[in-house]
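Shown next, in structure tokens, is the structure this report addresses.
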Amino acid sequence: MATEMAEAATRVVDLVVGVAGDTGVTPGIMTTGEMLTLAVSRVGYDIYTFQTNPAEIKGGQAWYQLRLSDQQLLSQGNDVNVLIAFDEEGFEKNEKVLADGGVLIYDASAYEPHPSREFRLVGVPMTKIAREQVRFPLAKNMVGLGAAAALVDLDLQVIRRMIEQKYAAKSMEIVEKNFACVELGANYVRSELGLSPIVRLKPIPRPERLVLSGNEAISLGALAAGCRFFAGYPITPASTILEFMMRELPRFGGVALQMEDEIAALASCIGASVAGKKAMTATSGPGLSLMVELLGLAVMAEVPVVVADIQRAGPSTGMPTKTEQSDLNLALYGGHGDAPRVVVAPSSVGDAFYTAIRAFNLAEYTQGPCILLSDANLANRKATVDRPDSQGVKIVNRLLAPESDERLPKPFPRYQITMSGISPYAVPGMKGTYFVATGLEHDEYGAPNYTPEVHTAMSHKRFRKLESAYANRNGDEWVSLYGARGEADLGVISWGSNEGVIREAVAQANAEGYKVAFAHVHVLNPLPEKELKAFISRVRRVMVAEINFAGQFAHLLAGRFKIDPIPLTKVSGTPFTPQEVLDGIRDAAA
Amino acid sequence: MATEMAEAATRVVDLVVGVAGDTGVTPGIMTTGEMLTLAVSRVGYDIYTFQTNPAEIKGGQAWYQLRLSDQQLLSQGNDVNVLIAFDEEGFEKNEKVLADGGVLIYDASAYEPHPSREFRLVGVPMTKIAREQVRFPLAKNMVGLGAAAALVDLDLQVIRRMIEQKYAAKSMEIVEKNFACVELGANYVRSELGLSPIVRLKPIPRPERLVLSGNEAISLGALAAGCRFFAGYPITPASTILEFMMRELPRFGGVALQMEDEIAALASCIGASVAGKKAMTATSGPGLSLMVELLGLAVMAEVPVVVADIQRAGPSTGMPTKTEQSDLNLALYGGHGDAPRVVVAPSSVGDAFYTAIRAFNLAEYTQGPCILLSDANLANRKATVDRPDSQGVKIVNRLLAPESDERLPKPFPRYQITMSGISPYAVPGMKGTYFVATGLEHDEYGAPNYTPEVHTAMSHKRFRKLESAYANRNGDEWVSLYGARGEADLGVISWGSNEGVIREAVAQANAEGYKVAFAHVHVLNPLPEKELKAFISRVRRVMVAEINFAGQFAHLLAGRFKIDPIPLTKVSGTPFTPQEVLDGIRDAAA
Amino acid sequence: MTTTVTTEKTTGQPEERFDFKGMIEPVWCPGCGDFALLNAIRSALRQMPEVERQNTIVISGIGCSGRVAAYLGVYGFHGVHGRALPTALGVKEANPSLNVLVMGGDGDGFSIGGGHIPHAARRNPNMTYIVFDNEIYGLTKGQVSPTSPKGLAGKSTPEWPALEEPLNPLAMLIAYNVSFVARVYAGSPKTTTQIVKEAIAHPGFAVVQAMSPCTTFYNTYKLWAKQVRTLPEDYDPTDRMAAFARALDTETMWLGIFYREERPTYEEMIAQQAARLRGDEELSDDERLRRLIDSFV
Amino acid sequence: MTTTVTTEKTTGQPEERFDFKGMIEPVWCPGCGDFALLNAIRSALRQMPEVERQNTIVISGIGCSGRVAAYLGVYGFHGVHGRALPTALGVKEANPSLNVLVMGGDGDGFSIGGGHIPHAARRNPNMTYIVFDNEIYGLTKGQVSPTSPKGLAGKSTPEWPALEEPLNPLAMLIAYNVSFVARVYAGSPKTTTQIVKEAIAHPGFAVVQAMSPCTTFYNTYKLWAKQVRTLPEDYDPTDRMAAFARALDTETMWLGIFYREERPTYEEMIAQQAARLRGDEELSDDERLRRLIDSFV
Ligand SMILES: Cc1ncc(C[n+]2csc(CCOP(=O)(O)OP(=O)(O)O)c2C)c(N)n1
Ligand SMILES: Cc1ncc(C[n+]2csc(CCOP(=O)(O)OP(=O)(O)O)c2C)c(N)n1
Ligand code: SF4
Ligand code: SF4
Ligand SMILES: [Mg+2]
Ligand SMILES: [Mg+2]
């Protein structure tokens with residue numbers, strides 16, 4: 001496994017930069033972070049970001065965290081090495097994450113920090129420079145960006161190109177003013193303060209890579225999978241998928257609709273799929289809750305459809321801007337009656353592209369709903385990813401019946417009982433294969449039928465389809481294994497966006513002498529029984545890590561494999577840090 | 001336990017009567033069964049019915065099964081001893097359940113049966129008698145009823161009183177004609193055929209008891225618990241609760257509304273509860289699916305509300321007239337985020353009254369939603385039950401804050417963190433206790449708050465409330481134990497309407513020499529851990545019996561107690577028969 | 001339920017056309033108005049040579065009327081209660097060449113599903129929605145519906161007659177600016193066939209309120225026979241104010257086309273916008289995707 | 001978010017009345033129209049001596065506007081998106097003595113929650129619903145709403161301007177026969193206060209469309225300033241046809257009371273029916289229950 005190597009590789013550069021402040025006072029705090037991210041990535045470094053938006057509608061404390069390295073990054077990191085804090089509250093709220101001896105870049109015209117520990121203080125009069133030297137006070141954040149660039153020796157021309165991309169369409173004057181701020185910030189650090197860089201981000205020559213957010217990766221994956229119908233309803237943090245699809249799908253001859261609510265959104269996707277198109281909707285918890293009845297319809301009527309649930313902290317409206325992995329139970333069990341469905345989860349930004357494809361493949365293969373469980377953390381954060389290999393990827397289309405001879409009509413067995421449970425589908429428009437898709441229990445021809453025999457046979461069929469999907473996964477990796485091979489003292493199991501963080505922690509733990517293995521599960525239903533059984537049998541104790549209160553995945557595994565896992569849970573609205581997982585491993589191993 | 005005695009008691013009378021036919025051809029097939037049921041109950045016998053309605057909107061084969069005994073009845077029984085079949089299809093469809101040597105009463109003017117086994121044939125020209133002798137062909141079912149009455153030696157005057165109760169308001173002529181048919185049917189059997197009764201239902205002197213259906217028992221229980229607001233939307237098999245409450249609640253100073261959909265129904269119940277009333281809605285699977293988002297709101301905003309889900313066979317529209325216990329997962333997990341709620345299930349018609357009260361008590365105690373899981377089988381079937389003891393029952397009301405001094409306003413800590421998790425509630429109208437109930441994460445005062453500390457503390461609080469309910473159950477029996485005491489070879493665990501059937505089968509199995517214990521669980525969340533642990537520890541193997549495909553309860557128990565239970569499931573849309581459970585026990589013990 | 005097969009004739013002359021009968025027989029009660037509506041719709045379809053069996057799909061909700069999806073022998077989707085309209089929108093926009101018919105009851109359409117109508121109207125998809133209105137919940141056995149008259153004692157609640165004013169579906173549809181609004185009556189099959197044909201032919205969103213007595217739970221044959229009247233000859237269906245006035249006149253059950261207006265269909269607008277977005281360059285989907293991915297470098 | 005306490009004055013003379021301020025400060029963007037509406041509503045409440053703090057409850061949906069439930073210092077319920085109306089109905093029928101105010105956005109009320117309005121209208125509960133209409137989805141950052149003008153490019157989809165016709169909320173409300181229909185504008189605070197007072201005083205279901213520019217995502221101050229006009233002096237709000245005609249005139253943003261009618265409230269009808277059902281006999285609930293149970297012997 002090549003990845004094991006990467007985990008062990010020593011990093012020459014590994015730096016975490018945090019940007020903090022009140023967006024009402026300093027507009028563009030997120031832009032500061034994003035530009036730094038893009039610039040760093042342009043010169044060839046790996047990036048991995050994490051951000052929290054304020055709860056206020058406008059204004060409020062925001063946080064943008066960028067980790068960068070010359071090696072592959074698996075997590076947002078732990079402590080921050082450089083903190084850019086535009087206001088005092090921004091500093092005080094985040095002081096605790098600044099590493100001992102770290103660098104604090106602050107707006108010296110706004111406040112004087114009173115740190116409780118030893119930091120390197122880099123005071124730059126950002127407001128003053130922007131107002132007095134450039135007469136553009138709005139761009140004080142750009143002074144901060146320049147200061148940071150100087151400290152990491154980043155080529156300012158790369159930043160200039162970012163600024164041009166963003167503002168050139170508006171006006172070149174704005175470009176010039178913004179860049180002037182950047183230059184003045186950099187100069188102030190170099191000349192006035194006479195500081196030399198703490199690292200030098202020399203360009204690394206390598207093939208260009210993408211900088212994507214999780215939601216962008218899901219959207220691109222959907223397009224690659226052949227999604228040609230999308231319907232949604234705005235909701236944080238899923239709206240950017242709706243917006244992406246509204247913008248791009250028409251270019252691919254598809255249709256994207258903003259519907260009146262989530263129920264209508266899923267209903268229209270089901271309709272589009274009945275008409276033969278690959279269809280998807282994207283929502284977050286409250287929307288998924290509303291879709292439950294229609295999920296059951298897709299199961300019963302056997303209609304392929306992908307539902308992306310970008311989880312946020314619940315229950316109810318909860319904390320819309322915070323992350324959580326607490327919709328697993330709803331994804332698995334949301335539906336009255338026995339309503340089996342496929343559930344998959346992307347593990348990283350790069351993986352989100354392939355997971356979207358997997359979701360479509362499984363929905364089309366099983367002719368039923370597939371829920372894709374991402375989360376707010378993955379949705380918003382950016383990471384460098386290799387150009388996805390859209391050619392090499394396998395695309396599955398639903399099994400189609402041959403068009404029949406119109407003059408020899410026979411009833412079309414849309415719900416034919418087969419070994420695999422999969423029955424050939426006919427697309428409206430085809431001749432001779434008329435059928436009625438229905439949410440009533442039905443015989444093979446779709447006629448309502450409430451006999452014990454038919455209900456029993458059809459219940460089996462609906463579950464069997466999922467088993468067939470597992471049996472036919474053909475080398476598609478439903479579980480990724482990391483860490484110790486063979487017998488291990490501890491086996492960590494996780495799902496969703498935690499993969500990278502846990503890989504990092506597990507690598508560290510093994511480096512410290514613990515014997516820890518890690519299984520990351522990509523398909524949550526049907527569970528990859530064989531792989532997990534094998535994993536469980538070779539570890540002394542299982543720990544299940546997830547961002548929710550109840551230990552939802554732990555409970556699922558306990559029931560399925562009759563094990564008593566140690567839960568490692570977190571309910572703070574933020575992702576795990578590698579340190580937290582490492583601490584968990586140490587506790588469990590102790 | 002007195003019940004153990006009853007199980008062992010020998011029955012002098014134990015008879016199963018089935019009524020079958022096409023309701024389009026013979027109207028009043030259900031009425032035939034119902035009248036027989038009421039009459040038998042009036043003379044002091046225990047009754048237990050089971051019925052299936054045709055799938056057609058009008059017409060189609062219906063089935064009404066009545067078991068009667070001089071001892072307590074726990075199930076609908078197995079084979080039928082007397083079959084009244086009005087048409088040939090009715091006979092042929094149900095011939096298989098008629099016991100060898102059983103009695104077939106048939107309409108000799110409609111068909112001649114060709115039985116494949118040995119039965120006692122009682123042909124009565126029902127159509128002819130009704131048409132020619134009474135000139136009231138509509139009442140041919142009454143001729144059948146009379147014939148059956150003669151065969152069990154039932155006092156015809158009791159039937160006459162039933163007929164009067166039903167039709168006297170319409171016209172006495174109809175009463176007379178109906179009763180004439182009954183008498184002629186009875187006479188034909190006695191005089192023309194010269195048959196003597198197969199049993200003699202002599203009146204048993206005992207206190208009058210009620211004949212209730214499950215839905216009636218739930219409705220009455222809700223009224224006894226203090227329910228004063230109801231809102232619903234029609235759906236089979238829950239509509240009769242809506243209709244009951246619309247009829248009766250206004251008399252109690254309450255309000256019952258038929259809303260525009262299930263979402264509006266639960267929303268208005270939540271609103272009524274916020275205003276201080278005890279509120280309930282009733283629905284079936286599709287409706288519960290639609291209520292999922294609002295269930296989460298009730299959890300987060302901490303609003304007591306009872307949701308009765310009268311399960312039918314799913315998924316989706318499924319088989320609306322058939323029974324199933326497949327909404328357990330949805331009841332437990334239907335909600336995004338970690339959204340704990342109480343789930344209870346009535347085990348019999350008599351228990352449904354008390355379970356409704358328990359549901360309200362737990363909803364009010366925990367200040368959150370309580371889902372009551374009944375099913376189509378329980379909803380419709382009638383049973384004799386003792387007059388409920390509405391005086392002796394404990395009624396719990398939500399914890400209220402004292403009205404505060406208006407001139408000393410302080411913020412009211414609606415969501416105060418307490419040991420039990422329960423915070424005092426203030427009813428709008430009270431002075432000085434203003435608060436905003438909210439579905440956003442919030443601090444103790446209800447102000448939105450997205451900090452890790454608050455989300456963690458509030459998540460704990462929401463779960464802690466359920467633990468407190470369990471700790472404070474105060475002698476309320478959350479699990480009923482039957483069968484073998486001490487060590488047993490097999491422990492059956494079940495929930496919902498299966499209790500009686502399994503008790504009967506377990507008693508039989510123990511009589512046959514097996515060592516079987518039975519734990520019936522009344523509260524499914526929070527699970528009664530202590531009782532179940534103790535039960536599990538004293539049985540060699542656990543078998544979980546339930547009417548669904550996936551073994552939903554079995555999976556729950558497996559995860560919670562790390563056991564590997566034998567599932568005994570059924571997906572035919574009908575309840576277990578005692579024989580089926582007995583067979584399951586024998587297999588498991590073998 | 002037995003599955004019987006309707007033998008199909010070859011297409012060709014109208015009289016040889018497919019009879020638009022499904023594999024299964026209706027399960028409705030004797031005398032139910034839905035039979036007459038079904039027949040009238042069948043006749044309409046048979047009389048429209050442009051309607052091809054394989055390109056027609058009926059999307060229906062849940063209710064007695066919802067069963068109709070299975071009775072026309074074309075493609076069908078018998079979905080869940082109240083969601084036929086957004087489901088149908090998905091079908092139509094996914095494949096605009098399909099002839100999409102939506103059917104269901106007054107409860108399905110105006111109660112649980114009522115929120116979807118104005119949003120369909122805003123888009124004006126070229127599809128036809130026929131609401132089988134019996135002013136009652138048939139399938140669930142006689143509860144009042146949103147069009148039940150005030151004071152109606154639903155079968156099951158005789159002592160608690162409805163306190164609610166009935167909706168005025170036509171007034172609502174006109175306020176929503178549905179581009180074709182009509183009412184028909186099961187007791188007038190010829191007009192029904194005629195108006196259903198016009199509704200299907202209308203290029204845009206057509207909604208037909210189809211009055212259909214429920215013989216079992218609310219038998220309105222006699223009542224409605226006295227109330228129905230055809231809209232006058234000189235009635236101008238392009239006058240929205242006049243249509244609204246007519247809709248408010250609830251003494252008479254006016255039959256006919258209340259309102260019609262031709263405006264671009266949603267499919268047309270989408271196609272136009274898509275063409276603009278795609279630009280002139282002929283690109284394969286793969287190539288488009290590659291370029292899109294490249295924009296994230 | 002900090003929790004600050006508003007000190008409360010003793011009730012008494014209007015100027016000494018509770019100021020209807022909540023514990024927490026609004027989180028809205030600077031200049032948001034919701035501020036002006038909030039102030040106008042506050043003034044209305046302060047000027048109505050019959051409105052008592054402890055008997056007033058605000059039920060709101062989700063959206064920027066939905067936050068208002070916490071800003072008035074009375075009882076509040078900030079529920080889920082789109083369900084404020086049926087929630088409020090439950091509150092009102094459970095305790096008719098409460099003064100029930102419902103508030104939320106155009107998306108909340110006309111999109112996801114739109115299906116509930118006609119059914120509230122049918123019942124005519126005595127409560128007031130104020131829709132903060134900014135013709136945009138504010139909280140979710142600028143997507144088009146059902147009242148957005150056709151062709152509006154939502155902030156996030158500049159290349160895909162809305163193809164849908166906007167709803168006409170007033171026309172809909174008049175078709176639903178809402179018994180009090182009005183429109184106000186955040187830029188006209190005095191009229192707003194006046195009309196909100198009339199809406200609250202109206203014995204029945206009152207709906208106020210309250211135009212409220214979203215400075216961040218769709219700043220309509222300039223546009224609307226040109227469009228608003230107060231309904232003429234001689235306008236007759238009891239004429240439903242005239243009201244409909246006025247609603248269809250979308251060139252002008254008419255402000256004022258479009259329609260009002262007094263008819264029995266739902267609470268009154270329920271009370272009447274309940275009295276009839278209970279009969280004259282004075283019975284305790286226990287006794288009633290005993291009798292009901294006995295009827296099942
Ligand atoms: C979500 C949901 N709620 C309720 C039902 C039960 N239900 C089935 S049909 C129906 C209404 C029937 O009335 P209508 O739509 O007028 O159709 P009709 O039977 O009168 O033709 C209802 C409430 C359901 N199937 N699904
Ligand atoms: C079920 C559900 N779907 C979506 C959302 C996300 N959401 C929050 S507010 C809102 C709409 C906001 O628009 P509007 O109602 O007009 O209020 P405004 O913010 O403009 O005042 C949406 C879609 C949600 N909270 N719940
Ligand atoms: S119940 Fe009424 S609507 Fe339904 S089939 Fe029978 S007559 Fe028709
Ligand atoms: S986003 Fe718009 S509606 Fe929301 S607070 Fe800001 S200005 Fe007001
Ligand atoms: Mg109807
Ligand atoms: Mg808005």
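Everything numeric here is computed off the predicted structure, so don't read it as measured data.
- At least one side-chain heavy atom of A:Ser316 sits under 4.5 Å from a side-chain heavy atom of D:Val80.
- Nearest heavy-atom pair across A:Thr317 and D:Gly79 is OG1-O, 4.0 Å.
- Heavy-atom pairs under 4.5 Å with chain D were tallied for A:Thr236, A:Asp261, A:Thr240; the largest tally goes to A:Asp261.
- Contacts between A:Pro234 and chain D at a heavy-atom distance below 4.5 Å involve backbone atoms as well as side-chain atoms.
- Contact of A:Pro320 with chain D is not made at all, since no heavy-atom distance falls under 4.5 Å.
- A:Tyr233 and D:Tyr137 have perpendicular rings, their planes meeting at more than 60° on a 0 to 90° scale where under 30° would count as parallel.
- Side chain of A:Gln258 to backbone of D:Val144: a donor-acceptor contact under 3.5 angstrom is found.
- Atom CD of D:Gln143 is separated from atom OG of A:Ser239 by 4.5 Å, given to the nearest 0.5 angstrom.
- For chain D, the nearby part of A:Leu290 is the side chain; its heavy atoms alone come within less than 4.5 Å.
- Residue A:Ala264: no heavy atom, backbone or side chain, is found under 4.5 Å from chain D.
- Only the side chain of D:His81 comes within contact range of chain A, judged by heavy atoms closer than 4.5 Å.
- Applying a 4.5 Å heavy-atom cutoff, the residues of residues 111-119 of chain D that approach chain A are D:Ser111, D:Ile112.
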